[in-house]
2 protein chains.
Amino acid sequence: MDLFLSTFENRIDRKGRLSVPAPFRAVLERRRDPLYLFKSLTEPCLEGCGPERIGQIVDAIDSMDSLSEEVATLQTMLSSAQEMKLDGEGRIMLSADFIAFAELDDMALYAGIGRSFQIWLPARYRARETEARTRAKSEGLPSLRLGGGRRPPDETPGDPQGRR
Amino acid sequence: MDLFLSTFENRIDRKGRLSVPAPFRAVLERRRDPLYLFKSLTEPCLEGCGPERIGQIVDAIDSMDSLSEEVATLQTMLSSAQEMKLDGEGRIMLSADFIAFAELDDMALYAGIGRSFQIWLPARYRARETEARTRAKSEGLPSLRLGGGRRPPDETPGDPQGRR
DNA sequence: TGGGATTATTTGGGATATCATGGGAAACAT
DNA sequence: ATGTTTCCCATGATATCCCAAATAATCCCA
């Protein structure tokens, strides 16, 4: 099904360039999709996705009351979105704005979350992750209803194959 | 898909010239469209678009009761619209009227919102953006139905209930 | 199963092209 | 003339391209 999974940590060089993990590139290339990045509305991270998601936001705006606050919120997402061009080596250039927003310095962590992925300051991501796991233990799992009958493609309990 | 996305901050030089961001120019050139600017009806900013959007407004007016106040309002948009000519370097000249309306001084911020874009006083735009983000955090994201008909998509682009 | 060889991927740097900006001079209008 | 607009070229900053080095993953055969 072609999803963004697993995490990768790459270096941001002094020109602001950052390699997109090869597996993520493969997903995009298979679909011949350009890559879009935008600032998360709710967290200090960047979100990456393909054009279909951007198109949905555009269409949603057109169908809404243009005076509503919701439209202003959606416009904020589009205004922060950039189509990223990859160089010959599969790198993107992060704008100063993006770097500042996600508070990145010289390393970036990609977290695949299915149809999209996020880019975090590694330390911040890890803190959130342990926090989430702690919550899961103390409060139990969020209700998860996975599709009909199948089981979750069960992964080894420890940690997905975080290579590196 | 050819959309106006992202934000750009450019200087208005002392002759009143302002560069149109290269990516926006590229969209217009690909479509061989001239650029139109008009005063926003609802906010202190200028709106930029191609001819198709102007046509939509004209059509909307034609289909309405020509005596209604709404028609008068929409006509205001049209009467403020100008076709902008770009110089060899891709710059436009803002009329004194436009500058006064958007309260611009020596910098202008372009905000792409899909099929059109806006031009703001940078400080004012940023305040509005902060507001939208604050709202998104406290009130949640606008309802967006993603994944057209298929199953409940993992979530809205902004990232939501941070399950990860 | 081990470990060296091979390939894929990431990272770095220099050369080149693109873009925003500024200014002078020509064209235009008042 | 006088002020303004348009055209053209120059410049600096920055993004892009291209090639090479370093690093990590994979393969293959003993």
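Just so it is clear: chains get the letters A, B, ... in the order the sequence lines come, proteins before strands, and each one is counted from 1.
- At a threshold of 4.0 angstrom between heavy atoms, the contacts of A:D13 are confined to the sugar-phosphate backbone, with no base atom among them.
- With rounding to whole Å, A:E83 atom CD is found 15 Å from D:dT16 atom C1'.
- B:K85 comes within 4.0 angstrom of the backbone, heavy atoms only, and of no base.
- In this structure, A:D87 atom CG and C:dT16 atom C1' are separated by 15 Å, rounded to whole Å.
- Spacing between atom CG of A:L94 and atom P of D:dA15 amounts to 11 Å, rounded to whole angstrom units.
- One interatomic measurement links the two molecules: OH of A:Y110 to C1' of C:dT10, which rounds to 11 Å at whole-angstrom precision.
- Remark: P of C:dG13 and CD1 of A:I12 are 16 Å apart, rounded to the nearest angstrom.
- Considering only side-chain atoms of B:K15, the nucleotide from C:dT21, C:dA25, C:dG14 that sits closest is C:dA25.
- For D:dT5, neither phosphate oxygen OP1 nor OP2 lies less than 4.0 angstrom from any side-chain nitrogen or oxygen of B:R14.
- Listed by first then second residue, pairs satisfying side chain to side chain donor-acceptor pair (under 3.5 Å) with a partner in residues 75-84 of chain A read A:Y36-A:E83, A:Q75-B:R128, A:S79-B:Y125, A:Q82-A:S95, not counting sequence neighbours.
- Position along DNA chain C of the nearest nucleotide to B:P23 versus A:P21 favours A:P21 as the more 5'-ward residue.
- One can find a donor-acceptor pair under 3.5 Å joining the base of D:dC19 and the side-chain atoms of A:E89.
- If you take CZ of A:R11 and C1' of D:dA21, they are 15 Å apart, rounded to a whole angstrom.
- Within a 6.0 Å sphere centred on CD of B:E70, heavy atoms belonging to other residues, nucleotides or ligands number 12 at most.
- Distance from the side chain of A:M93 is smallest to D:dA15 among C:dC19, D:dA15, D:dC18.
- Nucleotide D:dA15 holds its C1' atom 14 Å from the CD1 atom of A:I92, rounded to whole Å.
- When each of B:F117, B:F24, B:Y110, B:W120 is tested with B:F8 by the rule ring pair (Phe, Tyr, Trp, His ring centres under 6.0 Å), just one qualifies, namely B:F24.
- Here the side chain of B:R133 pairs a donor or acceptor atom with the backbone of A:S40 at under 3.5 angstrom.
- The side chain of A:R91 has C:dG12 as its nearest neighbour among C:dG22, C:dT10, C:dG12.
- For the pair A:N10 CG and C:dA8 C1', the interatomic distance rounds to 14 Å; values are reported in whole Å.
- Closest-nucleotide positions on DNA chain D for A:L86 and B:R17 were compared, and the one nearer the 5' end corresponds to B:R17.
- Ion pairing of A:E52 with A:R31 is absent here, as no side-chain N (NZ or NE/NH1/NH2) approaches a carboxylate O to less than 4.0 Å.
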